[in-house]
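To start, the structure under review is shown below, and the notes come after it.
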Number of protein chains: 2
Amino acid sequence: MLTNGPVVDSSRAIGVFDSGVGGLTVLRALRDELPREQFIYLGDTARLPYGTKSAETVVRYALQAADALIGRGIKALVVACNTASAAALPSMRERYADLPVIGVVEPGAEAAVIATRSGCIAVIGTEATVRGGAYQRAICRRRPDAVVSAVACQMFVALAEEGWTSGAVARATAQRYLAPLSTPGSGSMPAAVADTLVLGCTHFPMLRSVIREVVGDTVTIVDSAATTARAARAMLSERGLLRLDETAAPMSFLATDGAARFAAIGARFLGCDIDSRAVELIDL
Amino acid sequence: MLTNGPVVDSSRAIGVFDSGVGGLTVLRALRDELPREQFIYLGDTARLPYGTKSAETVVRYALQAADALIGRGIKALVVACNTASAAALPSMRERYADLPVIGVVEPGAEAAVIATRSGCIAVIGTEATVRGGAYQRAICRRRPDAVVSAVACQMFVALAEEGWTSGAVARATAQRYLAPLSTPGSGSMPAAVADTLVLGCTHFPMLRSVIREVVGDTVTIVDSAATTARAARAMLSERGLLRLDETAAPMSFLATDGAARFAAIGARFLGCDIDSRAVELIDL
């Protein structure tokens with residue numbers, strides 16, 4: 001327990017945490033949804049990627065990152081990382097009982113269940129997210145008859161970071177991962193064809209158009225960044241924590257390594273420039 | 001200084017260190033070159049990749065890993081990681097003055113200078129290796145008139161780990177990175193065509209055949225794993241540290257996270273099975 005009683009100061013910032021730059025797609029959605037709020041974003045760039053690490057390690061790292069943000073006096077925490085949401089959300093809610101904490105998995109699962117007609121949902125994510133099964137469980141809790149297939153698309157992370165979000169390599173990668181999802185009964189894939197695809201990694205919205213090309217127009221693509229931003233607004237509103245006045249400094253950035261790389265690659269994810277001198281390096 | 005006086009016990013193991021599984025291509029070459037030796041391999045899988053991290057962080061991590069291996073009583077240390085070799089070798093040689101320490105950069109540079117006829121050499125590696133310029137410097141020290149071009153091929157790492165070492169994605173990736181190296185004067189690439197290509201990342205030998213396809217038969221490919229193994233043999237021989245009798249347990253493995261993943265992916269890099277129960281997890 002790191003807080004004393006419920007947070008009541010709506011003028012405080014919202015903490016946003018990810019293993020690296022991927023969560024900046026969530027910050028972008030949060031900025032669109034909550035333009036008056038102030039955000040402190042922490043990217044644990046020294047220890048990324050979380051997606052190939054064990055659950056115990058991810059929990060340990062995520063709690064250290066959350067502690068650092070809470071030390072800066074935030075009013076709510078958005079875990080903008082699918083791997084950390086899947087592995088560490090229960091530990092976080094226990095440790096920070098009075099702080100509103102929201103992850104990306106539950107809002108994504110909720111949106112998928114609303115979107116699907118057939119009940120067949122495909123989830124793509126990192127190795128750790130797929131292996132952990134959090135999306136599969138969150139979907140089946142809401143719709144027990146859902147048929148959920150999950151595919152780890154590790155290469156999409158590298159493509160998004162390299163900025164290769166279109167072109168031959170991106171297309172061939174998307175085809176290799178996703179074609180089986182739209183071909184009934186091929187190989188080891190489920191016979192049912194998914195009508196809904198959850199982008200279960202914050203890097204994947206960067207590849208949205210090439211993914212759309214491969215899966216076709218009939219599949220609904222659920223981007224958990226946008227759904228998480230809407231869920232964050234609802235949670236803040238419910239607790240009376242929405243900021244009433246505009247803030248002069250809407251975003252600040254913390255990273256655990258490589259400020260210049262964070263700023264350069266992060267700008268593509270955030271959709272606007274990041275000044276590398278304004279990225280504060282911290283140790284966790 | 002962690003050692004007291006020179007190491008003289010040739011029956012001790014050779015420590016091999018990498019950020020993850022990539023260095024297992026070097027261990028494979030070491031096993032071929034030094035079949036009587038015993039090896040302790042440490043993969044810092046909790047903190048990989050090093051290739052996108054800052055030099056200061058890489059030095060800190062590499063020294064912690066080396067300390068752990070030295071704590072197990074090794075007779076020599078092979079830094080089987082281009083990023084760590086480039087960033088941390090001087091600090092290591094200072095810290096472990098009496099221990100033979102060998103990296104992969106110098107042997108790779110040496111082999112490239114011997115192989116080239118035109119003096120035009122291309123180096124491919126991770127972002128950190130290319131940015132740090134260690135290969136470029138090591139080549140130019142040996143041949144001051146060499147024209148060295150260096151290209152960061154970050155996606156090759158992801159391809160090797162995913163096991164996509166052939167097929168459409170690997171080919172399109174290799175073409176995107178390497179085609180400019182064989183087309184004189186195209187875009188921002190140097191007008192001179194390299195006749196020698198250094199695989200400056202231990203992951204890249206896994207993609208050797210697709211790289212060969214793209215660069216053609218006239219380019220000499222220098223694989224620093226094989227050249228490092230030969231340099232290690234020479235160094236041990238010179239110091240009277242070659243093992244005389246066969247060892248019963250030739251290889252043991254340490255990792256900082258994910259023993260199962262280390263064993264599964266590592267087996268492809270090492271070219272033989274790794275029992276995940278035999279991978280010891282350690283904290284650094």
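A quick note: this is a predicted structure, and the numbers were derived from the prediction, not measured. Numbered from 1 within each chain, the chains take letters A, B, ... in sequence-line order.
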Closest approach of A:Y50 and A:V58, non-hydrogen atoms and distance? O-CG2, 3.7 Å

Could you please state which residues from residues 276-284 of chain A sit under 4.5 angstrom from chain B, measuring non-hydrogen atom to non-hydrogen atom, sorted by number, or 'none'? A:D283

Ring geometry between B:F156 and B:F204 (parallel below 30°, tilted from 30 to 60°, perpendicular above 60°): perpendicular

Heavy-atom count check: over 12 atoms from other residues, nucleotides or ligands less than 6.0 Å from A:D273 CG? no

Max heavy-atom pairs within cutoff under 4.5 Å with chain A, candidates B:D257, B:T57, B:T45, B:V169, goes to B:D257

B:S19 side chain vs B:P49 backbone, donor-acceptor pair below 3.5 Å: no

Those residues at least two apart in sequence (or on a different chain) that pass side chain to side chain donor-acceptor pair (under 3.5 Å) with B:R93 are none

Would you say B:I124 and B:I211 make side-chain contact, with heavy atoms under 4.5 Å? yes

Paired with B:Y41, the side chain to side chain contact (heavy atoms under 4.5 Å, CB included) test is passed by just one of B:L270, B:V78, B:D18, B:I274, namely B:D18

Option in A:Q175, A:R171, A:K53 with maximal non-hydrogen atom pairs under 4.5 Å from chain B: A:K53

Compare every heavy atom of B:V157 with every heavy atom of B:C201, then report the nearest pair and how far apart it is. SG-CG2, 4.1 Å

Closest non-hydrogen atom pair, A:A46 against A:T256: N-OG1, 2.7 Å

Report all side-chain donor-acceptor pairs from residues 159-166 of chain B shorter than 3.5 Å, counting only partners two or more places apart or in another chain.
residue : atom : partner : partner atom : Å
B:E161  : OE1  : B:R261  : NH1          : 3.4
B:E161  : OE2  : B:H203  : NE2          : 2.8
B:E162  : OE2  : A:Y177  : OH           : 2.4

Considering only heavy atoms and a distance below 4.5 Å, find which of A:M155, A:R47, A:Q154, A:E56 pairs most often with chain B. A:M155

Judged by atom type as modelled, is there a donor-acceptor pair below 3.5 Å linking the side chain of A:D223 to the main-chain atoms of A:P205? no

Give the interface residues of residues 125-137 of chain A toward chain B, defined by a heavy-atom separation under 4.5 Å. A:E127

